[in-house]
Structures are given as C-alpha cells and as structure tokens.
Amino acid sequence: MSKTITIQRTVKKKHTAIEMKSGSLEVLATPQMIAWMEEASCQLLELEPGMTSVGTRMNVSHDKASPVGAQIEIQSTLVKQENRKLVFYVEAYQEGACIGKGDHERFIVNSEKFLKRTYGN
C-alpha cells in the first residue's frame with residue numbers, strides 16, 4: 001500500500017531561519033523544511049472532488065543545516081491509511097545525505113463542511 005513521491009526545491013533567502021523568524025542564521029528554516037514535507041504529502045494524494053486533507057501532526061528532526069542555493073529533495077511515503085487518517089514517513093535530503101526525517105499525519109475532510117465548522121457559516 002505504500003506510495004512515494006519526491007519533490008525538489010532550492011533553498012532561497014526567503015526560506016531561511018532569519019527570514020522566517022525561526023532563528024538568526026541564513027540557513028534552511030525548519031518550518032520551511034516541514035512545509036515542503038507537507039507539500040509533498042499533499043501532492044501524493046488523489047482525493048475525490050470536494051475533499052481535501054488537513055495536517056494534524058508532524059514529528060520530525062532537522063539534523064543538518066543547508067545553505068542558500070542548496071538543492072533539497074523531499075520524499076513522502078504514505079505508510080498507513082485508517083479510514084480518513086493518513087500516516088506518512090517524510091524525509092529531506094541534500095546531496096544524498098538525509099537532513100531531516102519523521103512522521104506526518106493528515107486527515108481527509110470535506111472542504112465545505114470543514115470551512116463551515118471553522119468559520120461558523
């Protein structure tokens with residue numbers, strides 16, 4: 001049942017810790033690495049019209065710094081689905097070396113119902 005996708009991104013100044021206010025250095029920000037992991041996980045899904053997924057948990061390590069200009073490869077593997085709950089194993093690589101990894105959880109929801117509950121309309 002496991003299904004995998006790999007996306008590639010380049011670290012730009014706007015992706016750095018100092019720019020994202022998550023640190024004081026010009027290196028890939030952990031929140032950006034996590035966002036790319038979520039992006040890859042979303043791209044992996046083929047959902048019915050009107051359905052989407054929402055992130056509910058992210059448990060990752062960010063193990064190595066990456067400079068501006070670095071090419072990052074992000075891999076997401078759907079490892080388990082229990083009804084609407086999806087569990088992914090996510091990894092990020094720079095030049096073949098793992099720079100971050102962990103688990104990500106999402107839930108499939110009806111877009112319209114979710115927004116109505118969120119905004120009370």
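The figures that follow rest on heavy atoms only: side chains count, while hydrogens, waters and symmetry mates do not. Quick note: residue numbers are just sequence positions, from 1.
Atom-to-atom distance recorded for Cys42:SG and Met37:CE is 13.5 Å, nearest 0.5 angstrom. Note that CD1 of Ile7 and CD1 of Ile72 are 11.0 Å apart. Values are rounded to the nearest 0.5 Å. Atom CE of residue Met58 and atom CD1 of residue Ile34 lie 6.0 Å apart, to the nearest 0.5 angstrom.
Annotation for Phe114: hydrophobic cluster partners, listed by chain and number, are Val54, Phe107, Val109 (ILVMFWY side-chain heavy atoms under 4.5 Å, direct or chained).
Within the structure, ring pair (Phe, Tyr, Trp, His ring centres under 6.0 Å) contacts touching residues 45-79 (residues at least two apart or in different chains) do not occur. Under the salt bridge (Lys or Arg N to Asp or Glu O under 4.0 Å) criterion, the residue pairs touching residues 93-104 are Asp63-Lys101, with sequence neighbours excluded. Listed by first then second residue, pairs satisfying side chain to side chain donor-acceptor pair (under 3.5 Å) with a partner in residues 12-24 read Lys13-Glu26, not counting sequence neighbours. For residues 27-39, the salt bridge (Lys or Arg N to Asp or Glu O under 4.0 Å) pairs, not counting sequence neighbours, are Arg9-Glu39, Glu38-Arg106. Applying the side chain to side chain donor-acceptor pair (under 3.5 Å) test to residues at least two apart or on different chains, the pairs with a partner in residues 85-94 are Ser66-Gln94, Glu91-Tyr93. For residues 63-84, no pair satisfies ring pair (Phe, Tyr, Trp, His ring centres under 6.0 Å), with sequence neighbours left out.
Residues forming a salt bridge (Lys or Arg N to Asp or Glu O under 4.0 Å) with Glu46 (at least two apart in sequence, or on another chain): Lys3. Under the side-chain contact (heavy atoms from CB on, under 4.5 Å) criterion, Ser111 pairs with Thr52, sequence neighbours left out. With sequence neighbours excluded, the residues satisfying side-chain contact (heavy atoms from CB on, under 4.5 Å) with Ile108 are Leu47, Met51, Gln81, Arg84, Leu86. When the side chain to side chain donor-acceptor pair (under 3.5 Å) test is applied to Gln32, no partner is found at least two apart in sequence or on another chain.
Here the shortest heavy-atom pairing between Leu45 and Ser53 reads CD1-OG, 3.5 Å. Nearest approach of Ser41 to Val90, heavy atoms of both residues: OG-CG1, 3.7 Å. Contact detail for Ser2 and Thr77: the closest heavy-atom pair is CB-CG2, 3.9 Å.
Atom CD of Gln43 has more than 12 neighbouring heavy atoms from other residues, nucleotides or ligands inside a 6.0 Å radius.
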Q: Check the pair His104, Val87 against side chain to side chain contact (heavy atoms under 4.5 Å, CB included), reporting the backbone distance first and the verdict last.
A: CA-CA 6 Å; His104 175 42; Val87 180; over 6 Å; no
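With hydrogens and angles left out, the side-chain atoms of Thr6 and Glu73 include no donor and acceptor closer than 3.5 Å.
Both Phe88 and Ile5 are members of a single hydrophobic cluster when ILVMFWY side chains are connected at heavy-atom separations under 4.5 Å.
The shortest side-chain heavy-atom distance between Val60 and Met33 falls under the 4.5 Å cut-off.
Under the side chain to side chain contact (heavy atoms under 4.5 Å, CB included) rule, Lys64 has a single partner from Ile99, Leu28, Val27, which is Ile99.
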